[in-house]
Structure formats: structure tokens, C-alpha cells
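Here the structure is laid out as C-alpha cells; the discussion comes afterwards.
All heavy atoms count here, side chains included; hydrogens, waters and symmetry mates do not. As the structure lists them, so they are numbered: ligands from 1, and atoms in each ligand from 1.
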Amino acid sequence: MKEAIKKSEVLIEALPYIKKFYKKIVVIKYGGAAVNESGVDRSVLEDIVFMNYAGMKPILVHGGGPLISKFMKKAGIEPRFIAGRRVTDRESIYIIDKALHSINQQIVKTLKELGAKAFGLSGRENGLIRVKKLKSEVDLGFVGSVTSVDATVVRQLIEDNIIPVIYPLGTGKDRNLYNVNADDVASEIATALKAEKFVLLTNVRGIMKDKLDPSTLYNTLTVSDISKLVKKGIVSSGMIPKAFACVNAIKGGVKKAHILDAGIPHALLLEIFTDRGIGTEIVK
Ligand code: ADP
Ligand code: MG
């Protein structure tokens, strides 16, 4: 009996959040760990289906780090990263496309198995993501920075209660295909759609003072805190694009950004539907 009452308490605790986020857009970026050796992580996708049935409008943007690196090594290319971004030559871009497309199909298939409607697309479709070559001290090759977002198709999908599943490629004015960091793409889509929330799911608890020590997790950071942490070098490598993606989203009108550990079972549900924050939240 006690057990049963506990369960009802958990459900009731979610009610204010369900009300608050009803029909609201939440953009979720899922890192490379979305698909590992054993296939897609169903628990994260279950959370997204839950959100969808609770009346929210989730949009999923995914990366493909480990699988891309695996495909590249198979083709004899050694993966290289500079400040969290992947060096991408002409040959790599096709490998990246293939790896991301395969992950995308697996995610869409699983969302459908879990009972939701989902549709997979890349940023190259219908001008969704337009880019220019990213400026950087070292030439990164075909790595783009987002110049514009045409979210017409994405808007239509969520209106029809279909979960958009997007992978981060964009087209340049030169008609070339560019690889874009998925954090950037997710942030730009969140901004274009004035999302209520922007959530980055990754492989660490959030932003930490010492990246190897979860007890140094920052629970809440402001936009100006983040700039300081980047300058000091506390935020480095793959966390740099994430930090800026959050800042960009907040400056663009998104209410709140979250960085969470996808490895915590049902991290999304815990963060969104309960009183406890479990990662780093970024506010104005
Ligand atoms: P994803 O595939 O989710 O984009 P990344 O590897 O690109 O993952 O980025 C996450 C990584 O950022 C972490 O695994 C960690 O090594 C690194 N990182 C750098 N600085 C920090 C920090 N201050 N706090 C937490 N993680 C950090
Ligand atoms: Mg990354």
C-alpha cells in the first residue's frame, strides 16, 4: 500500500510541470553516445515519447561521435578534434553523412516502436540549416557555422504531433555539404522556434569545476558565469560548443538550458517533471 501511495505522489509531483510545459517546444540534443555497440539507448527515447504523450513538443537533434570515428578509422582516416570540433575533409563528410544517417534511422525506428510518430531528416533538407565555413585558427575543412535556419518543415511536423529527429549537416552557399557540431544546430533550432527549453544530453553530469570530479558540478550558471569559465579554461574540449550553444539559446529567447548526463536512467524525466535538478541549468 505504502508503495502504491508513493507512486501516486510521484505522479502528482509531475502535474504542475505537465501543465506548465503543455504544448511547449523542447529541443533536445543527444550526443554521440545515443547509439553505442548495443544499439540505441531506449531509456532516453522512452523519455522523449513520454514527453510527447504528456503534450509537449520535443524535437531531437543527435550527433554521432563514436560511430563516426569508427567509420573514419575503418576508412583509414584518424579522427582529429580542435576545440571540440571535428576536422572534416572532403572524404570525411561522406563518412559522417553515412554514420549519422544510420543513427538517425535507428532512432526513428525505435521512437516508432515506442508508440510515437517520428520523422528523420538532416539539416540539408529544405534549407533547414544553412552554413558558412567556420572560421578558426587551424583550418577545420568542411565544418560549418550556422548562418540561417528555415524551420518550416520542423514546425509542420510538431504541429502534426510528429517528433522531428534531425542530424547536423548543413549546406553552404558554395553548395557543399558541411559538418556542423550538433550542439550548434540544436541551439539554432531552439532559438528559431523560441523553445521553452534546450536540453543537452551528454556523457558527464554537467559543467564541473574539475571535469573528473562530479562533486564539483555547478547546479546553476548564468550566461556571464559561462563566459568566465571558458576564459579560465575550466570549460574545455567538447564542453566548449555546449557552453556557447546554451548561451546562444538563452540570448535568443529560450527560457532555460540544461546539460544532463544521458547515462543517468531517465535523466530527462527527472529534470523536467520533478522538483530536483540533476545536472547544470543555465539561466539568463
Ligand atoms: P557529446 O558527444 O555529448 O557532444 P563531447 O565529448 O563533445 O560529448 O563533450 C563532453 C565532454 O566535455 C566531457 O566528456 C568532458 O570530457 C569535456 N569537458 C571539458 N570541460 C568540462 C567541464 N568543465 N565539465 C564537464 N565536462 C567537460
Ligand atoms: Mg560534442
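- From the protein, the heavy atom lying nearest to atom 16 (O) of ligand 1 is K211 CD, 4.2 Å.
- Residue contacts with ligand 1 do not include R205, since none of its heavy atoms lies under 4.0 Å from the ligand.
- Of all protein heavy atoms, the one lying nearest to atom 5 (P) of ligand 1 is G238 CA, 3.9 Å.
- If you check which protein heavy atom lies closest to atom 11 (C) of ligand 1, you get N203 OD1, 4.1 Å.
- Applying the side-chain contact (heavy atoms from CB on, under 4.5 Å) rule to T274 yields the partners E13, L270, R276; only residues at least two apart in sequence or on another chain are considered.
- Checking side-chain atoms of K194 against main-chain N and O of G252 turns up a donor-acceptor pair under 3.5 Å.
- Considering only non-hydrogen protein atoms, atom 2 (O) of ligand 1 sits nearest to G32 N, 3.2 Å.
- Shortest non-hydrogen contact noted between I250 and K255 is CD1-O, 3.8 Å.
- Of all protein heavy atoms, the one closest to atom 19 (C) of ligand 1 is S236 O, 3.0 Å.
- For the pair D183 and ligand 1, the shortest N or O to N or O distance does not fall below 3.5 Å.
- Neither the backbone nor the side chain of R86 has any atom closer than 4.0 Å to an atom of ligand 1 (non-hydrogen atoms only).
- Applying the side-chain contact (heavy atoms from CB on, under 4.5 Å) rule to A249 yields the partners S187, T191, F198, V254; only residues at least two apart in sequence or on another chain are considered.
- One option in I234, I207, T280, L200 has a heavy atom closer to atom 23 (N) of ligand 1 than any other, and that option is I234.
- With no hydrogens or angles considered, no side-chain donor-acceptor pair links T88 and R86 at under 3.5 Å.
- The atoms of ligand 1 that sit less than 4.0 Å from any heavy atom of G206 are 24 (N), 25 (C).
- Residue contact check: K29 has heavy atoms under 4.0 Å from atoms 1 (P), 3 (O), 4 (O) of ligand 1.
- Of all heavy-atom pairs between S237 and K211, the closest is OG-NZ, 4.4 Å.
- Residues G206 and M239 share a closest heavy-atom pair of O-CE, 3.7 Å.
- Residue, atom and distance of the protein heavy atom nearest to atom 18 (N) of ligand 1 are M239 CB, 3.6 Å.
- Among N179, N181, D184, the single residue meeting the side chain to side chain donor-acceptor pair (under 3.5 Å) criterion with R85 is D184.
- When all heavy atoms of V44 and A262 are compared, the closest pair comes out as CG2-O, 4.1 Å.
- In this structure, atom 17 (C) of ligand 1 lies nearest to the protein heavy atom S237 OG, 3.5 Å.
- Backbone and side-chain nitrogen or oxygen atoms of M208 are examined, and one is located within less than 3.5 angstrom of a nitrogen or oxygen of ligand 1.
- Nearest heavy atom pair, residue A118 against residue K112, reads O-CE, 3.4 Å.
- Annotation: atom 8 (O) of ligand 1 to nearest protein heavy atom, T202 OG1, 3.4 Å.
- Donor-acceptor pairing under 3.5 Å is recorded for the side chains of D41 and Y30.
- Here V204 has side-chain heavy atoms under 4.0 Å from ligand 1, and that is the only part of it that gets that close.
- When non-hydrogen atoms are compared, ligand 1 lies under 4.0 Å from neither the backbone nor the side chain of K209.
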